[in-house]
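Scroll down for the structure; my scribbles are underneath it.
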Amino acid sequence: MPHPDAPAPQHCPTARELDDLELLTTGAAAPITGFNAAGSPITLDLPEDLAAQVAQGGRVELVDPEGLPLATVSEAADGWAVEPLTHAEFGPFRDHYLSPATTRERHAGRTFVAVTDALTVAEHRELADLGPVVVLALVGHGTPALSKVGLLRATLRATADLDAVVVAVPLAGHGDAEADADLQRQVLATYAGPDRIAELRPGGDVVDSVADIVRAERPPREEQGLVLFFTGLSGSGKSTLAQALMDRLLEHGGRSLTSLDGDVVRRNLSAGLTFSKADRETNIRRIGWVAAEIARHGGVAVCSPIAPFDETRQQVREYVADAGGAFFLVHVATPLEECERRDRKGLYAKARRGEIPEFTGISSPYEEPQDADVRVDTTGRTIEDALDDVLDALREAGYLDLGSRQARPTEAPARPTGVTASEPAGAHTAHTAHTAHTAHTASGPLRVLYVCTANICRSPYLELRSRQLQQEDPATAGRVVFSSAGTHGFRDHGVDEEMAELLAERGVDPDDLAGFTSRHITPEMVTEADLVLTAEAEHRNLLLREMPAAFRKVFTVGQFAETAGRMADDVIGHDLIAAANHRRAAAHAATDIGDPFRQGREAAERCATQIDDLLAVVLPRLAPQER
């Protein structure tokens, strides 16, 4: 694994290029003598200015991640010529790395076989029947199923009772199955020369003698090294959530635990770095590199930097994968508006005044992860409640099962999830009522409550249009009950004139339109609903500030549509609502339904079209058809 601060030459080859280059410098693939030449598997991309220097007779030196010169590259008639300089002289099993010429000279007359995984019982039997063999262990980056050292250890041990020679070949994978298979055949033919080549039939249990090696390389998920990587905006609650998880891990015991909090790392590992984009990304890579080394040895690392850029998060993921660990990404998706509201340090205010350049979320972007294992919005929630989302996802993924929190004898009884000390006396009752209601209705009609500001434009359109569309499908009619309300504004008012005209044009029953009257939302309405869908993120935030225990069922319409799109098609109805909490999309202004009130016909049509598009995604996932 390259260190994040390794000195970079003008072109730093990738791990795959270095593996292929070792074939060149050791003579292990003698027919390959240049980049981009006919039949070459290697591509070397150089910056334009450096390529121009080579074209004018210059040379490029290639080094490994430690800075050791490996080869020089210069222009040739059919591409670029490669001149080997040296190769690594140390490393595990170095004496097994032989060139094709040396292999043929020492082991002529044997049958040649390539392996990329631990030998099975059936493969071991085949090798015994082949007689004297040379087993080529393909250990290049991205090729073996085990680590390169693990594959060599397993192969040497499994063939100890056979007439077999093991040769290591650092042949890298290139992400193209067909090209990789073709390259492997070429390399195998180069090593074998005129001798026989055999192909083993994979499958079955591994040889007993290497079972411990395989288990160490592929431990059960609950024993695998694990990097828990929290990412989110400043003030999102990621550090607090990460600390709560560490507390739970320490209480549970059984795993080696290391915290790599962003601020702590800044003071120690990354002291001296600035807050420029380049230095911030270097800081993240350092965190990732250390975390990967912890995972390599079976430990758990908890990281909580902002980590705003996807490219750097992917680099950290690759570090961890190369170390044999698991990378679990937690996106703390608290909206920017809520993060600013919490801004105890005044950082957002300073950033908006221009006093802090490149501040994430204000003057520098935050790229929301599309590959998060769980998304958690901490708006209006206790930390214990938000932590449950992470614990549930970790349990379902098979990495950690920390069980329920055990109250110590000296502690007061824990408050119900989602109820804080500042909540009114009725909050506990409302939460309990919701729990009972959810259990009662899990097999009955699903109750959906739409919410906007005044309950005269967007939410009545959502309610009446949803009813109409459901009634048009006999297979789903009556399986969802729709209603709507407003956060404030009008009472007992009809549907806005522009929206009413659009609903009538789309076929909504005139009696339904005439019978509609607006109403203010109440806690009882939220308690009774199985799902609350708001027009804007601000409506959602307002509800959750008053009723944090309702978090698991309150989404914006756009947020729920995006979340549903991430789920398998057969996850529907009550199951979809339950699953949405683990993979919920962020609630942000980009997915809000804009308010058309008194904005004219064009604005009303835009709003209606946006709602129709969202309902086309949401409704089929809410109303399962009768079977």
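We count residues from 1, following the sequence as given. Note that these values count all heavy atoms, side chains included, but never hydrogens, waters or copies made by symmetry.
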Taking all non-hydrogen atoms of both residues into account, name the closest pair between Pro308 and Glu281 and its distance. CD-OE2, 4.2 Å
Would you please name every residue forming a side chain to side chain contact (heavy atoms under 4.5 Å, CB included) with Ala603, sequence neighbours left out? Pro596, Gln599, Arg606
Output all residues satisfying ring-ring contact (aromatic ring centres under 6.0 Å, His included) with Tyr366, sequence neighbours left out; order by chain, then residue number. His331
Show me the pairs that pass salt bridge (charged side-chain N to carboxylate O under 4.0 Å, His left out) and involve residues 556-582, at least two apart or across chains. Glu562-Arg566
State, to 0.1 Å, how close Glu498 and Ala604 come at their nearest heavy-atom pair, and which atoms those are. CB-CB, 3.9 Å
Taking NZ, NE, NH1 and NH2 as the nitrogens, is one of them in Asp389 or Arg375 under 4.0 Å from a carboxylate oxygen of the other? no
pair Cys607-Ile593: side-chain heavy atoms closer than 4.5 Å: yes
Side chain to side chain contact (heavy atoms under 4.5 Å, CB included) partners of Ala564, counting only residues at least two apart: Leu576, Arg621
The salt bridge (Lys or Arg N to Asp or Glu O under 4.0 Å) partners of Glu505 (sequence neighbours excluded) come to Arg601
Measure across His574 and Leu446 and return the closest heavy-atom pair with its distance rounded to 0.1 Å. N-CD1, 3.7 Å
When you look at Glu337 and Arg341, which way does the salt bridge (Lys or Arg N to Asp or Glu O under 4.0 Å) test go after all the steps? CA-CA 6 Å; Glu337 296 77 14; Arg341 188 183 69 79; over 6 Å; no
Here the pair of heavy atoms bringing Met499 nearest to Val495 is CB-CG1, 4.0 Å
Side chains of Arg465 and Gln468, donor plus acceptor under 3.5 Å: yes
For the CD atom of Glu355 and the CG atom of Leu347, what is their distance to the nearest 0.5 Å? 10.5 Å
Would you say the side chains of Ser484 and Arg458 form a donor-acceptor pair under 3.5 Å? no
Using the ring of Phe551 (Phe, Tyr or Trp, six-membered ring only), decide whether Arg381 places NZ or CZ under 6.0 Å from its centre and within 45 degrees of its axis. yes
Set of ring-ring contact (aromatic ring centres under 6.0 Å, His included) partners for Tyr348, sequence neighbours left out: Phe359
Quick one: do Glu223 and Arg255 make a salt bridge, cutoff under 4.0 Å? no
Would you call Glu536 and Arg540 a salt bridge, using N to O less than 4.0 angstrom? no
Using distance alone, with no hydrogens and no angle criterion, decide if His488 and Thr453 have a side-chain donor and acceptor under 3.5 Å apart. no
Using side chain to side chain donor-acceptor pair (under 3.5 Å) as the criterion, list what pairs up with Ser364, not counting sequence neighbours. none
Hey, are Asp496 and Arg598 close enough for a salt bridge, meaning a charged N less than 4.0 Å from a carboxylate O? no
State, without any angle test, whether Thr378 and Thr334 hold a side-chain donor-acceptor pair at a distance under 3.5 Å. yes
By ring-ring contact (aromatic ring centres under 6.0 Å, His included), Phe327 pairs with (sequence neighbours left out) Phe229
Who are the ring-ring contact (aromatic ring centres under 6.0 Å, His included) partners of Phe555, not counting sequence neighbours? Phe560
Between Asp377 and Gln559, does the side chain to side chain donor-acceptor pair (under 3.5 Å) criterion hold? Intermediate values first, please. CA-CA 12 Å; Asp377 184 343; Gln559 177 190 20; 5.0 Å; no
CG of Leu449 to CG of Leu533: how many Å apart, nearest 0.5 Å? 8.5 Å
Check: residues 509-517 side-chain donor-acceptor pairs under 3.5 Å, at least two apart:
{"residue": "Asp509", "atom": "OD1", "partner": "Asp511", "partner atom": "N", "Å": "2.8"}

Residues that Ser459 engages under side chain to side chain donor-acceptor pair (under 3.5 Å), provided they are two or more places apart: Asn455
Residues two or more places apart in sequence or in another chain: which of them pass side chain to side chain contact (heavy atoms under 4.5 Å, CB included) with Ala608? Tyr461, Leu502, Arg506
